[in-house]
Amino acid sequence: MNQDDYKSQSSRRMNSIDKRGASVWSNCSDTSPVGNGLRDARRYWAALSIWCAIILTIIDASIASVALPFISKGLQLTAAKSVWVINAYQIAIVMALLPMAKVSDILGYKKVYLSGILLFMIAASGSIFAGSLTMLAVARFVQGIGAAAVMVTSGALVRSIYPPELVPRGIGYNTIAVSFASASGPAACAVVLSFANWHAVFAVGLPFGLLALTLGWWALPSTASAKRSFDTISALMCCLGFAAGFSILSDLAQNSSSEWTFIKIGVAVSAIFFLRKRTSISHESMVPLDLLKMGSLRLAYGMSASAYAVMILITLSFPFVLQQRLHFGPELIGMLMVPLPIGIMIAAFVAGRLVNRFSSAGLCSSGLISLAGGAICLSFIHPGSSVFLIIAAVAICGLGFGIFQVPNNHSMLATAPHSRAGAASAMLSLSRLIGQTLGALLAASLFRMIGAQSDAPIVVAAFIALTVASITLLIRYRTIVSIG
């Protein structure tokens with residue numbers, strides 16, 4: 001073997017070792033180009049950080065909802081006043097999403113992500129030691145700002161830690177983390193409340209936050225900061241407009257409209273008007289009009305909001321059907337709803353591997369049709385129905401939503417330019433919150449008109465899902481015809 005052959009063989013051997021990741025230290029310290037993601041070892045730790053951060057924010061929200069009656073009793077509040085524990089958190093998220101997206105584009109996703117986790121954990125400590133509704137609402141509001149930072153950056157970081165062909169799988173894993181947190185939150189709350197008071201429930205997520213913070217600081221890639229200006233006035237108008245709009249919808253959903261509602265309408269209209277005057281289609285705008293001008297993204301946002309509205313209609317109304325029509329107890333009702341997040345987890349795991357093989361429109365439509373089929377089955381539940389039929393119908397709803405969510409989220413994140421990943425992630429979260437709010441408003445309206453024991457919200461949910469699936473397939477067909 002001559003010297004050139006020896007050098008060539010040695011070079012190939014070293015490249016092979018590097019590709020296999022034989023050196024763990026190398027894998028954990030080197031950052032691959034953003035477009036190629038991270039190497040295997042470091043990618044796993046970075047992904048684990050994001051999963052823990054998702055669990056931190058989701059499990060906290062679900063636990064607070066379950067603990068609300070105990071918080072109301074402990075602070076001697078009326079049920080109406082205690083709702084501010086939830087509203088303060090949600091309003092803060094809605095207010096902060098788009099400004100946080102702009103901040104993350106300027107400072108970098110990793111810095112905002114870690115700062116959001118740290119802020120969330122500090123505010124959680126305030127919730128733990130809160131002695132009044134005011135203190136608790138303020139702490140929850142600050143937690144919401146931290147949660148908005150995590151929501152905006154967690155989706156954007158997926159595109160940095162995974163290579164392009166594995167991004168759908170990463171989105172599927174995030175969906176599994178969301179479902180796991182949603183399913184385990186009520187159970188964790190019940191366990192904590194069995195031996196401690198309501199203050200302790202806000203400490204449940206802290207271990208996940210500490211792990212997310214530690215792993216994220218070490219494993220996540222540092223994205224470059226951008227030399228862009230931050231429009232403080234637009235950010236203020238954005239916060240006021242979304243906060244007032246969310247509060248208006250909340251008043252309507254709870255049938256608690258008053259003179260304050262009209263004041264909020266004035267604030268919302270004024271804020272949106274001035275924000276529109278300051279908004280352009282450039283990347284500097286607080287409102288990402290450049291993304292909204294893309295037809296595929298508009299469709300994905302609309303589908304996401306519709307699907308979440310469908311899920312809220314089902315999850316809010318079916319427990320009432322089980323309680324008031326079938327006369328089931330709370331323990332059995334809770335068990336019968338568990339197949340929903342389990343179905344989402346299973347479907348998300350599978351869908352993450354199908355996105356690169358099938359069209360997103362086809363997968364999304366299939367998921368919505370399955371979701372509608374499960375809802376139709378739920379609408380036929382009557383006092384003589386078997387528990388197995390109920391479990392199967394609930395599981396079908398979960399499977400359908402899981403099949404829909406992964407490709408739709410992938411479309412919202414991957415279609416946007418990489419430089420706009422923060423804004424794309426914010427719009428993903430915003431479409432979810434809008435859908436959940438509109439679904440709750442519609443459910444409350446149907447409850448008032450027909451009664452909580454009616455299956456009308458479930459029928460409406462099935463109709464919405466089938467309508468959106470049909471529109472999606474029609475647009476897909478027209479696109480194929482125009483290309484052909």
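Each residue takes its place number in the sequence, starting with 1.
- Rounding to the nearest 0.5 angstrom, the gap separating the CD1 atom in I434 from the OG atom in S306 is 11.0 Å.
- In this structure, the separation between CG on L56 and CE on M121 is 7.5 Å, given to the nearest 0.5 Å.
- Within a 6.0 Å radius of OH in Y89, more than 12 heavy atoms belonging to other residues, nucleotides or ligands are found.
- In this structure, A61 and R140 approach most closely via the heavy-atom pair CA-NH2, 4.4 Å.
- Formation of a donor-acceptor pair under 3.5 Å by the R159 side chain with backbone atoms of L413 is found in this model.
- Between the side chain of R432 and the main chain of L428, no donor-acceptor pair closer than 3.5 Å is present.
- Here the closest non-hydrogen pair linking V112 and V103 is CG2-CG1, 3.9 Å.
- Scanning all heavy atoms of the two residues, the minimum distance from A426 to A101 falls at CB-CB, 3.6 Å.
- Between I314 and L378, some side-chain heavy-atom pair lies under the 4.5 Å cut-off.
- Donor-acceptor pairing under 3.5 Å is recorded for the side chains of S49 and Y113.
- Listed for the R476 side chain is no donor-acceptor partner under 3.5 Å among the backbone atoms of G362.
- Looking at K110, its side chain does come within 3.5 Å of a backbone N or O of L220 through a donor-acceptor pair.
- Ring-plane geometry between F404 and F401 is classed as tilted, the angle between the planes lying from 30 to 60 degrees on a 0 to 90 degree scale.
- N174 contributes no side-chain N or O that, together with a main-chain N or O of W51, makes up a donor-acceptor pair within less than 3.5 Å.
- With contacts defined as side-chain heavy-atom distances shorter than 4.5 Å, the pair S127/H199 does not qualify.
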I475 vs L299, test: side chain to side chain contact (heavy atoms under 4.5 Å, CB included). Steps then yes/no. CA-CA 10 Å; I475 293 175; L299 176 62; 3.9 Å; yes
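- For the atom pair L473 CG and S366 OG, the distance stands at 7.5 Å (nearest 0.5 Å).
- Between the CD1 atom in I346 and the CD1 atom in I403 there is a gap of 11.0 Å [rounded to 0.5 Å].
- The cationic atom of R42 (NZ for Lys, CZ for Arg) does not lie both less than 6.0 Å from the six-membered ring centre of Y44 and within 45° of the ring axis.
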Worked verdict on I390 versus M337 for side chain to side chain contact (heavy atoms under 4.5 Å, CB included): CA-CA 9 Å; I390 297 174; M337 295 302 293; over 6 Å; no
Walk me through it: do D60 and V201 pass the test side chain to side chain contact (heavy atoms under 4.5 Å, CB included)? CA-CA 8 Å; D60 185 271; V201 301; over 6 Å; no
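- Looking at every heavy atom in both residues, A300 comes nearest to N408 through O-ND2, 3.3 Å.
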Derivation and outcome, side chain to side chain contact (heavy atoms under 4.5 Å, CB included), residues I71 and F202: CA-CA 11 Å; I71 296 174; F202 294 106; 4.0 Å; yes
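- Put simply, the side chain of S184 gets close to the backbone of F180: a donor and an acceptor are under 3.5 Å apart.
- M412 and S431 make their closest contact through SD-OG, 4.0 Å (heavy atoms, listed as atom of the first residue, atom of the second, distance).
- In this structure, Y173 and Y162 have tilted ring planes: the angle between them lies in the 30° to 60° band.
- When atom types are taken as modelled, the side chain of R298 and the backbone of K293 share a donor-acceptor pair closer than 3.5 angstrom.
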